[in-house]
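So the structure is just underneath, and the comments pick up after that.
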Amino acid sequence: MSVANQETVRLEKSESARRGRWRVVLVTDTGSSSFALPVSGTATIGRAENAEIRLEDTAASRKHAQLIVENGAVRLLDLGSANGTTVRGRKLAPNEEIALSEGDSIELGTSFAVLQVDELSVTSRPWNLHHHQRFLELAAQTKPPYAILRVQVIAPPGLAQEVLSAELSPHETVASFGPGQFEVLSPGRTPEAAKQLMEKLSSKLVARGARVRAGVATAPRDGTDPDLLVAACSRPASAPAPGFVVRDDAMAALYRLVDRVAPSAISVLLLGETGVGKEVLAQEIHRRSKRAGGPFLRLNCAALTESLLESELFGHEKGSFTGAIKQKEGLLESAQGGTVFLDEVGEMPASIQAKLLRVLEERKVMRVGSTTPLPIDVRFLFATNRDLEAEVARGAFRSDLYFRVNGISLVIPPLRERPTEIEPLARQFLSEAAKRETRAVPELTPDALATLGAWPWPGNIRELKNVIDRAILMAGEGKLTAEALGLGEVVPASPVAPTAAPTGLREERDAAEKRAVLEALEKTGGNQTKAAELLGVSRRTLVTRLQQYGLTRSRKKD
């Protein structure tokens, strides 16, 4: 090694030592956690009991990936994981190794990790700063009333520690949850006193130039389990937009990711089944972004022909094609300073894909029939229910566009996987329907609630809304019963096309979804269009489901 190269390595090592150790912040369906990496060595991520970074994610492998720390640098090695590992939007090949940098995102199963520098390891700590697990142990030993505060600070190293040390009393416990993230255990605090403490800490930090997010929960009002209290004070303080219900832990974790990505300019790809609420989530990202004062424009790429889609996106000049009787500003132009949401982007024709790629790269748009590009200032959000990686593999979707579209992907779980949200969503739709009908909101009977909870909802939230809209008409002026919902028998399997007994949770869900589809077809006399409307899905989605079940011919009622 040359003298120059030796000096470069020496400087890199000293810089790493100055900045501190590396830390991985892990976000799963059940919450988030933080793990300090060794100064030198390896750390395995996975579901295995002996994994250094334990990942409670059924989509992850027992030994999913390995982080390797050497000479102050970090590499990641995929350990042949079943569902793969994605780094910076690119899925690694089995057993592929890749160098990581600060801020890199890593997707493992349905979970998400970020590599960060542990600034806490290089700043002086004026009091005993506990780790997260010790914090939970101390909270479990504390008798109510007490408060837990979660404070996230973006500030120069040491500032948060200085303020917390000055403002907190000796009997209060402070722990590190991650870089710039602190937990405070405050014994004897009532809810009002806890709120005042949170506001005082936030104002002191903001006065010193820090950016702060804080949350608070108290025992016994918000519960007595420390894990649940931590989760409660980690939920966003501001209310979501109408239609965006956050009750399930997986949705709370998703919402926290939204809170992180919304203020940035990064492109977001929303993934999930038809009717799962991708447009609502896109509106929520816009609402929480710096562009909230600008327009939010949505275009369904599957609803228009190729020529109309091009004209809608890019606009056209007068006379550029038959029917172009005047100049038209395109969607991308009209959304200056705002957000453009392209739904069903996987349905976009190849020719439009190439033009959209150019727009994403150059931030300029060319109207149909024009030779002069026009600059645009918009933020892009995309959605699809297709597997875009599979579409890229079969040549139906451009790989270079995929990497532009997938700045970061957010997966919305289907409604059947977040059962705690079924009732609040149903009540919300019931209230909206009653208001439209100018009548009192009917009461949901216990059997109606039981039926709503047991139904598999293959059409997701859209199906639930359709069922409630129909049920309020069927219920008349009385209570809304299970019979008014029109879902029929939920538990027994359909007598037609019996299936083998399910052997696992996934098989149970698939079987329940198949029963719902078959029952919808029975109710509509085999009319696929009406059955799709009943389920709240498109006819194309229904046909796809029928092909999966081996029922490609529509069923007729005997």
Side-chain angles (χ1 to χ4, degrees), residues 14-27 31-37 39 72 74 101-105 113-136 138-139 147-187 189 193-217 229-230 233-238 256-257 259-264 288 290:
S14 64
E15 174 65 12
S16 173
R18 184 187 70 79
R19 296 174 69 207
R21 293 169 59 179
W22 293 100
R23 179 180 290 272
V24 169
V25 177
L26 188 64
V27 180
S32 55
S33 51
S34 181
F35 301 87
L37 298 182
V39 175
V74 183
S101 301
E102 181 180 356
D104 275 349
S105 62
V114 179
L115 180 68
Q116 296 180 337
V117 169
D118 186 358
E119 296 176 349
L120 297 174
S121 64
V122 294
T123 55
S124 61
R125 293 197 285 263
W127 76 95
N128 185 19
L129 191 64
H130 296 278
H131 58 77
H132 176 63
Q133 194 57 44
R134 179 56 179 160
F135 180 87
L136 293 178
L138 293 172
I148 288 180
L149 286 76
R150 180 68 72 83
V151 184
Q152 181 176 341
V153 184
I154 300 177
L159 175 61
Q161 292 93 318
E162 180 183 338
V163 171
L164 293 175
S165 178
E167 299 299 328
L168 295 175
S169 62
H171 74 283
E172 288 171 313
T173 302
V174 183
S176 162
F177 188 71
Q181 299 183 60
F182 301 92
E183 298 165 321
V184 178
L185 172 62
S186 183
R189 292 272 181 181
K195 181 181 177 183
Q196 292 173 358
L197 176 61
M198 181 185 70
E199 291 173 348
K200 182 178 74 169
L201 292 176
S202 297
S203 63
K204 293 287 185 181
L205 288 162
V206 170
R208 297 285 298 274
R211 292 174 56 192
V212 181
R213 285 188 59 210
V216 63
L229 289 170
V230 167
C233 68
S234 299
R235 297 186 190 279
S238 58
R256 289 194 291 273
L257 282 177
D259 202 38
R260 288 167 52 191
V261 304
S264 71
R288 300 182 68 82
K290 298 174 183 177

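All residue numbers in this chain count up from 1 along the given sequence. Being a predicted model, the structure only gives us computed values, none of them experimental.
- Of the inter-residue distances, the one linking Leu149 atom CG with Glu183 atom CD reads 10.5 Å to the nearest 0.5 angstrom.
- Scanning all heavy atoms of the two residues, the minimum distance from Ala160 to Leu205 falls at CA-CD2, 3.9 Å.
- Here the side chains of Leu37 and Leu115 are in contact, with some heavy-atom distance below 4.5 Å.
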Does Val216 form a side-chain contact (heavy atoms from CB on, under 4.5 Å) with Val184? I'd like the steps, not just the answer.
CA-CA 9 Å; Val216 63; Val184 178; over 6 Å; no
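- Two residues are said to be in side-chain contact when any heavy atoms from C-beta on lie closer than 4.5 Å; Arg288 and Pro263 fail this criterion.
- Remark: Glu172 engages Arg189 in a salt bridge, criterion side-chain N to carboxylate O under 4.0 Å.
- Residues Phe182 and Arg150 form no side-chain contact, since every pair of their non-hydrogen atoms from C-beta on lies 4.5 Å or further apart.
- In plain terms, the two heavy atoms of Ala113 and Val24 that are nearest each other are CB-CG1, 3.9 Å.
- For the pair Leu201/Leu168, a side-chain contact is recorded, criterion being any heavy-atom separation below 4.5 Å from C-beta on.
- Without hydrogens or angle criteria, Trp22 side chain to Gly72 main chain gives a donor-acceptor distance under 3.5 Å.
- Here the OG1 atom belonging to Thr173 is positioned 7.0 Å from the CZ atom belonging to Phe135, to the nearest 0.5 angstrom.
- For Lys200, the salt bridge (charged side-chain N to carboxylate O under 4.0 Å, His left out) criterion is met by Glu167, not counting sequence neighbours.
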